[in-house]
*Asks:* 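The structure is given below, and queries will be raised subsequently.
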2 protein chains.
Amino acid sequence: MSRRTAQRDAIRAAFEAAGRPLKPDEVLALAQDAVPGLGAATVYRNLRRLTDDGWLRAVNLPGEATQLYERADLAHHHHFHCETCDRVYDVHVCPGDLSHLAPAGFRVAAHELVLYGSCAACAAE
Amino acid sequence: MSRRTAQRDAIRAAFEAAGRPLKPDEVLALAQDAVPGLGAATVYRNLRRLTDDGWLRAVNLPGEATQLYERADLAHHHHFHCETCDRVYDVHVCPGDLSHLAPAGFRVAAHELVLYGSCAACAAE
DNA sequence: ACTTGAATGAGAATAGATTATCATTATCAT
DNA sequence: ATGATAATGATAATCTATTCTCATTCAAGT
């Protein structure tokens, strides 16, 4: 059976507080505020488990070697990748139906849109 | 000084014939038709060199661990990733200016759009 | 044709993210 | 409170893409 742990609680809390997709090392840093001794293996274990449980979802972004995660209950949205601080933010708008963009004969099932630039914090500097 | 080699010619020819972004192992397979003994190291060396020379450009796609390349002289466009055969195709249309999609204060410098689904060949089956 | 060193091919080495191992800790049904 | 075992933490191991090493080959200026 499953047992509740302070480590997993802290990892969940990190996502709830961040409100944006997180990399494993970001999760580690954030969750270590609540659980100082937290180890990287535990973060990876729980990222996978929470994904299997349907609480998290893997986010695939261009050019990212590391796998990002976000809460699975979010509605369809896109992402903004800040080229300065390397953080990823949610963009809760969508250009809409893009199936007409594909060549004839191609069947479009989904799409991913990523904006690049500077986030508000980085653009202000 | 630079020397012309059959290997590099074959790699260039692979891109010209394919007309779509290629992974290193695809380049290797295609170029080996012209140069049977071609090694993987030579492919990687030339992908980097041709990129440095401005003939190729790296393509970053979501969820791709491997680095794709395409000819650098292509105009702005997007990509279609076939989930069946895993090939990537060019999509020569663009939804246009997307800067309004970003949150206030965010500065959009570029965007990447990827369509997912089945390419014509795979959808027909 | 000769010579120089750019380029290659094979395999070892590297790099980075993720996963496995295993002794230890701690949850929770009893 | 106790015991079974789920979960953890530290570290080793793995995995895969890419780069390095180095002896050998070959392009091209002479």
Side-chain angles (χ1 to χ4, degrees), chain A residues 1-15 21-70 79 81 86-88, chain B residues 1-15 21-70 79 81 86-88:
Chain A
M1 83 242 34
S2 173
R3 293 173 184 176
R4 179 170 190 173
T5 65
Q7 287 84 349
R8 185 153 48 244
D9 281 352
I11 289 167
R12 265 193 294 252
F15 280 97
L22 296 176
K23 302 193 233 300
D25 63 297
E26 289 181 306
V27 175
L28 177 62
L30 291 168
Q32 277 182 334
D33 291 341
V35 182
L38 183 63
T42 298
V43 169
Y44 279 104
R45 256 192 303 256
N46 280 295
L47 288 176
R48 184 158 56 159
R49 170 200 256 270
L50 290 170
T51 301
D52 291 344
D53 291 350
W55 197 85
L56 285 178
R57 160 209 302 157
V59 180
N60 291 318
L61 288 186
E64 281 292 320
T66 61
Q67 177 68 66
L68 291 159
Y69 293 88
E70 68 183 0
H79 297 101
H81 190 156
D86 201 39
R87 289 203 187 101
V88 176
Chain B
M1 85 245 25
S2 172
R3 292 176 184 173
R4 177 171 192 170
T5 66
Q7 288 84 349
R8 183 155 48 246
D9 281 351
I11 289 168
R12 265 192 294 253
F15 280 97
L22 297 176
K23 302 194 232 303
D25 63 297
E26 288 180 306
V27 175
L28 177 62
L30 290 168
Q32 278 183 335
D33 290 342
V35 182
L38 182 63
T42 299
V43 170
Y44 279 103
R45 257 191 302 255
N46 280 295
L47 289 177
R48 185 158 55 159
R49 169 199 256 272
L50 290 170
T51 301
D52 292 344
D53 291 349
W55 197 85
L56 284 178
R57 158 208 303 157
V59 179
N60 290 318
L61 288 186
E64 281 293 321
T66 61
Q67 177 67 67
L68 291 160
Y69 293 87
E70 67 183 3
H79 297 101
H81 190 156
D86 201 39
R87 290 204 186 99
V88 176

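The model shown is predicted, which means the values in this text are computed figures rather than measured ones. Sequence lines set the chain letters: A, B, ... in the order given, protein chains first and strands last, and positions in each chain run from 1.
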*Asks:* So which protein nitrogen or oxygen atoms get under 3.5 Å of nucleotides 4-6 of chain D's nitrogens or oxygens?
*Replies:*
| from | atom 1 | to | atom 2 | distance (Å) |
| --- | --- | --- | --- | --- |
| dT5(D) | O2 | Arg3(A) | NH1 | 2.6 |
| dT5(D) | O2 | Arg3(A) | NH2 | 3.0 |
| dA6(D) | O4' | Arg3(A) | NE | 3.2 |
| dA6(D) | O4' | Arg3(A) | NH1 | 3.4 |
| dA6(D) | O3' | Met1(A) | O | 3.2 |
| dA6(D) | N3 | Arg3(A) | NH1 | 3.3 |

*Asks:* Do NZ/NE/NH1/NH2 and the carboxylate oxygens of Arg48(B) and Asp52(B) come within less than 4.0 Å?
*Replies:* no
*Asks:* Using atom CG of Asn46(B) as one end and atom C1' of dA7(C) as the other, report the distance to the nearest whole Å.
*Replies:* 8 Å
*Asks:* Which nucleotide, dT8(C), dT19(C), dT18(D), lies nearest any side-chain atom of Tyr44(A)?
*Replies:* dT19(C)
*Asks:* Between dT18(D) atom P and Glu26(B) atom CD, what is the distance in whole Å?
*Replies:* 12 Å
*Asks:* Can you tell me the Watson-Crick or wobble partner of dA23(C), both distances under 3.5 angstrom?
*Replies:* dT8(D)
*Asks:* Atom CG of Asn60(B) to atom P of dA17(D): distance rounded to whole Å?
*Replies:* 16 Å
*Asks:* How many whole angstroms separate atom CG of Leu28(A) from atom C1' of dA17(C)?
*Replies:* 14 Å
*Asks:* Can you see if the side chain of Thr42(B) gets near the phosphate of dG9(C) - specifically, an N or O under 4.0 Å from OP1 or OP2?
*Replies:* yes
*Asks:* For Ala14(B) versus Leu30(B), what's the shortest heavy-atom pair and its separation?
*Replies:* CB-CB, 3.8 Å
*Asks:* Please give me the minimum heavy-atom distance between Ala10(A) and Val35(A), naming the atom from each residue.
*Replies:* CB-CG2, 3.8 Å
*Asks:* Which heavy atom in Val59(A) sits nearest to a heavy atom in Pro21(A), and how many Å separate them?
*Replies:* CG2-CB, 4.5 Å
*Asks:* Could you state the CD-C1' distance from Gln32(A) to dT8(D), rounded to the nearest angstrom?
*Replies:* 13 Å
*Asks:* Does Thr5(B) or Leu68(B) map to a spot on DNA chain D nearer the 5' end, using the closest nucleotide for each?
*Replies:* Leu68(B)
*Asks:* Between Asp9(B) and Arg12(B), does any NZ, NE, NH1 or NH2 come within less than 4.0 Å of an OD or OE carboxylate oxygen?
*Replies:* yes
*Asks:* So, for Thr42(B) and Ile11(B), which heavy atoms are closest and what is the spacing to 0.1 Å?
*Replies:* O-CD1, 4.1 Å
*Asks:* Can you tell me how far P of dG16(C) sits from NZ of Lys23(A), to the nearest Å?
*Replies:* 15 Å
*Asks:* To check you understand the geometry: which heavy-atom pair defines the closest contact between Phe15(B) and Tyr69(B), and what is its length?
*Replies:* CE2-O, 3.2 Å
*Asks:* Would you tell me if any nitrogen or oxygen in the side chain of Gln7(A) comes within less than 4.0 Å of OP1 or OP2 on dG9(D)?
*Replies:* yes
*Asks:* Leu38(A) has an atom CG; how far is it from atom C1' of dT25(C), in whole Å?
*Replies:* 15 Å
*Asks:* Would you confirm whether Thr51(B), through its side chain, and Leu47(B), through its main-chain N or O, come within 3.5 Å as a donor-acceptor pair?
*Replies:* yes
*Asks:* Where the side chain of Arg4(B) is concerned, which of dG9(C), dT18(C), dA28(D) is the nearest nucleotide?
*Replies:* dA28(D)
*Asks:* Given dT8(C), dT8(D), dT18(D), which nucleotide is nearest the side-chain atoms of Arg45(B)?
*Replies:* dT8(C)
*Asks:* In terms of side-chain heavy atoms of Arg48(A), which of dT8(C), dA20(C), dA17(C) is nearest?
*Replies:* dA20(C)
*Asks:* Could you give the CG-to-C1' distance, from Leu47(A) to dA17(C), as a whole number of Å?
*Replies:* 12 Å
*Asks:* Does dT30(C) have a Watson-Crick or wobble mate here (both distances under 3.5 Å), and if so which one?
*Replies:* dA1(D)
*Asks:* Name the closest nucleotide to the Ala41(B) side chain, picking from dA10(C), dT8(D), dA17(C).
*Replies:* dA10(C)
